[in-house]
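The analysis underlying the following values was restricted to heavy atoms, covering all of them including side chains, and did not include hydrogens, waters or symmetry mates.
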Amino acid sequence: MPFCLLLSEDDSHKPIRLPHLQTVILGRGPETKIKDHKCSREQVELRADHNEGYVRVKQLGVNPTSVDFVALGKGNQVKMRIGQKLHMVNQLYPYTVSFKEEVSADGNKGSKRPHQENSEEESPTQRPGTYKVPKSASTEKARDQCGRADGASGLHRQPSPSQPLKKELSIIDKKVNSGHWNQGLKVSMQDPSMQVYKDERVVVIQDKYPKARHHWLVLPWESISSLKALQAEHRDLLVHMQNVGNKMVQQCPDASRLHFRLGYHAIPSMSHVHLHVISQDFDSPCLKNKKHWNSFTTDYFIESQDVIEMLERTGNVSVKEGMAELLKLPLRCHVCHKEQSTIPKLKEHLKCHLPT
DNA sequence: GTTCTAGAAC
DNA sequence: GTTCTAGAAC
């Protein structure tokens, strides 16, 4: 059974044991003997994976924690391996990690001790050896309109066990994982190659996984996390977003043949307010499951106009309860309202409503 | 948000 | 046996 230690490089205290898949929070305190007030009491969260041979390092404090001198930023995390150096805060208080085989009392390496098994340890939840690469090739193959799929979300690379110490991968980790997947829109909207329109207030990008032949997202430059954060002063911005969305439709060569809707998801997965502009063909390989379908065809999809009117009426935007349950409703055609038993059958059915 | 896969449904 | 979904992991 391997075990993992966090070693103080300047030997200021004893090694700290990092149990398998358990989070350990460290910072200023007796355990590290750090007294520097730039270091939070809860500066980092560490989680060692003994099977994969890395420690996930997440910065919790305000001041920078770094791995190999690259600052993480609050809330961000990277995987740290043997040979890499962690600085707890401000490039100070250096640490390394070590993974070693524990030698049991009978001298056998790796033998399980009784009553020490736990299900998580014995059945690693992470598949070993998966090294995900951006799926641009397959996505583009599936549909040209899918556009670029360059890793703004859902593309967390993992190292291959055959190359566990390759430093390049750690550097990629830092770049690609610098933020949770739900922050992906903030990355995409800043990427000029994703932008299809921009002005001083908003930017439009193609949805990376379009659920129809035409699917854009209109995002304000202003950082607004969700509908809940909207205030009366945002009314004109929302109107502008809707106008830009309508412009996107007008310039679309299919505008005369396809119907479009403009609206917001009641409970979006991605952070940063975004207006969906989506054609109603739902003809896309990226539309794969009940959640996808119901998020655009039930009241989970809130019309842009309704959001604006609510903001004008009440000064804020509230989302009704029970929205999440709408995602589990049976699959029903949005045109003829006929129920379909499975996604493949629904997709086959939708063909009959496509323009000829 | 997507991917992956166990196991339910057929 | 295969297809499909739901839930976990990221």
Separation of B:dG1 P from A:Phe296 CZ (nearest whole Å): 7 Å
Residues that A:Ser8 engages under side chain to side chain donor-acceptor pair (under 3.5 Å), provided they are two or more places apart: A:Asp10, A:Ser12
Which residues share a salt bridge (charged side-chain N to carboxylate O under 4.0 Å, His left out) with A:Arg56, sequence neighbours left out: A:Glu45
Residues from residues 218-229 of chain A lying under 4.0 Å of DNA chain C - heavy atoms: none
Residue-phosphate contact under 4.0 Å: A:His292 side-chain N/O, B:dT2 OP1/OP2: yes
Are there any protein N/O atoms within less than 3.5 Å of an N/O atom in nucleotides 4-6 of chain C, and if so, which ones and at what distance?
{"residue": "C:dT5", "atom": "OP1", "partner": "A:Ile343", "partner atom": "N", "Å": "2.8"}

Ring centers of A:His274, A:His272 separated by less than 6.0 Å: no
Those residues that, when tested against A:His334, pass ring pair (Phe, Tyr, Trp, His ring centres under 6.0 Å) (two or more places apart): A:Phe282, A:Trp293
Qualifying residues under side chain to side chain donor-acceptor pair (under 3.5 Å), relative to A:Ser304, sequence neighbours excluded: A:Gln242
Atom-to-atom span, CG of A:Leu185 to P of B:dT2 - whole angstrom: 11 Å
Residues which pass side chain to side chain donor-acceptor pair (under 3.5 Å) with A:Tyr95, listed by chain and number, not counting sequence neighbours: A:His13
Spacing between A:Leu346 atom CG and C:dT3 atom P, to the nearest angstrom: 19 Å
d(NE2, A:His180; C1', B:dG1) in whole Å: 10 Å
Face-to-face contact A:Tyr209 to B:dG1 six-ring, under 5.5 Å, under 30°: no
Which atom pairs, donor and acceptor, lie under 3.5 Å between side-chain atoms of residues 335-345 of chain A and protein residues at least two apart or in another chain?
{"residue": "A:Glu339", "atom": "OE1", "partner": "A:Arg332", "partner atom": "NH2", "Å": "3.0"}
{"residue": "A:Gln340", "atom": "NE2", "partner": "A:His349", "partner atom": "ND1", "Å": "3.4"}
{"residue": "A:Thr342", "atom": "OG1", "partner": "A:Lys345", "partner atom": "N", "Å": "3.2"}

Pairing residues for A:Arg41 by the side chain to side chain donor-acceptor pair (under 3.5 Å) criterion, not counting sequence neighbours: none
Plane angle bin for A:His276 and A:Phe301 - parallel if under 30°, tilted between 30 and 60°, otherwise perpendicular: tilted
Distance, rounded to the nearest Å, where A:Lys79 contributes NZ and C:dC10 contributes P: 8 Å
A:Trp181 CH2 to C:dA8 C1', straight-line distance once rounded to whole Å: 12 Å
Sugar-phosphate, base or nothing in reach of A:His265, heavy atoms under 4.0 Å: sugar-phosphate
A:Arg56 CZ - C:dA9 C1' separation (whole Å): 11 Å
Whole-Å gap separating P (B:dA9) and CD (A:Gln340): 20 Å
